[in-house]
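Here's the structure we're looking at; comments come further down.
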Amino acid sequence: MLIVVLIIALGSLFPLFIEEVRNEWIAVLILVSIFIVLVSFILWTNFTVKYIFYRDYLFIKGGPFKSRIPYKNITEVSRTTAIFTGHRIMSSRDGLEIFNKTTFLGSIKISPRNKREFIIELKKRCPNIKIRE
């Protein structure tokens, strides 16, 4: 997460190090505002992720993004090391990928804190699910 924030800082605040821009207070205000908005959005998206097991579906929410996956549509769960995609980008090198019939591209990548308990609970609600370790 720190690397992402540093890249955004470099991209949005670099023009402040140019002599002509530093003296323009409107340009400084705009560049700092862009940095604050982008970093706030990324932090909001990554640190407010929730996984809620409802009676008929798994609800995943991270910032403004929501996914409601009916248990009957979940076909498979497998471990993944793709750290640049899914909820909680770059927060874990060992996430889970849930394959289903309802989400865009057929799967969603998540990173629950306790993966073993998450898989056990998901297996209770989806007895026909295939689990790849």
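Here the structure is a predicted model, which is why all the values come from computation and not from measurement.
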Q. Phe118 and Tyr51: ring-ring contact (aromatic ring centres under 6.0 Å, His included), yes or no, with the steps?
A. CA-CA 9 Å; Phe118 185 89; Tyr51 310 106; 5.8 Å; yes
Q.
As a quick check of understanding, evaluate side-chain contact (heavy atoms from CB on, under 4.5 Å) for Val5 and Ile42, giving each step before the final call.
A. CA-CA 9 Å; Val5 171; Ile42 289 174; 5.7 Å; no
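The nearest pair of heavy atoms linking Lys61 to Gly63 is NZ-O, 2.8 Å. Closest of all the heavy-atom pairs between Tyr71 and Tyr54 is OH-O, 2.7 Å.
Summarising the geometry, atom CZ belonging to Phe99 is positioned 7.5 Å from atom NZ belonging to Lys109; distances are rounded to the nearest 0.5 Å. Atom OG of Ser33 is separated from atom CG of Leu38 by 10.5 Å, given to the nearest 0.5 angstrom. Here Glu117 contributes atom CD and Leu122 contributes atom CG; the two are 13.5 Å apart, rounded to the nearest 0.5 Å. Note that CG of Leu6 is 8.5 Å distant from CG of Leu10, once rounded to the nearest 0.5 Å. Of the inter-residue distances, the one linking Ile8 atom CD1 with Ile36 atom CD1 reads 12.5 Å to the nearest 0.5 angstrom.
The hydrophobic cluster containing Val39 also contains Phe47, counting ILVMFWY residues as joined when their side-chain heavy atoms lie under 4.5 angstrom apart, directly or transitively. Linking Ile, Leu, Val, Met, Phe, Trp and Tyr residues whenever their side-chain heavy atoms come within less than 4.5 Å leaves Ile34 and Val37 in two separate clusters.
Taking the side chain as every heavy atom from C-beta outward, Pro64 and Thr45 approach each other to under 4.5 Å. Counting heavy atoms from C-beta outward, Leu96 and Thr80 have side chains that stay 4.5 Å or more apart. Contact annotation: the side chain of Val77 never approaches that of Arg132 to less than 4.5 Å [non-hydrogen atoms, C-beta and beyond]. Residues Thr75 and Asn100 fail the side-chain proximity criterion, which asks for heavy atoms closer than 4.5 Å. In this structure, the side chains of Ile98 and Leu58 come closer than 4.5 Å at one or more pairs of heavy atoms. Between Leu31 and Phe14 there is no side-chain heavy-atom pair separated by less than 4.5 Å. In this structure, Phe53 and Phe59 have side chains that are not in contact, with every pair of non-hydrogen atoms separated by 4.5 Å or more. Lys72 is not listed as a side-chain neighbour of Lys101, based on a closest heavy-atom distance of 4.5 Å or more.
In terms of modelled atom types and a separation under 3.5 Å, the side chain of Tyr57 and the main chain of Ile69 share no donor-acceptor contact. Between the side chain of Lys124 and the backbone N or O of Cys126, no donor-acceptor pair lies under 3.5 Å.
The side chain to side chain contact (heavy atoms under 4.5 Å, CB included) test with Ile74 singles out one residue from Asn128, Ile108, Ile129, and that residue is Ile129.
Inspection of the Glu97 and Ser78 side chains reveals no N or O donor paired with an N or O acceptor under 3.5 Å.
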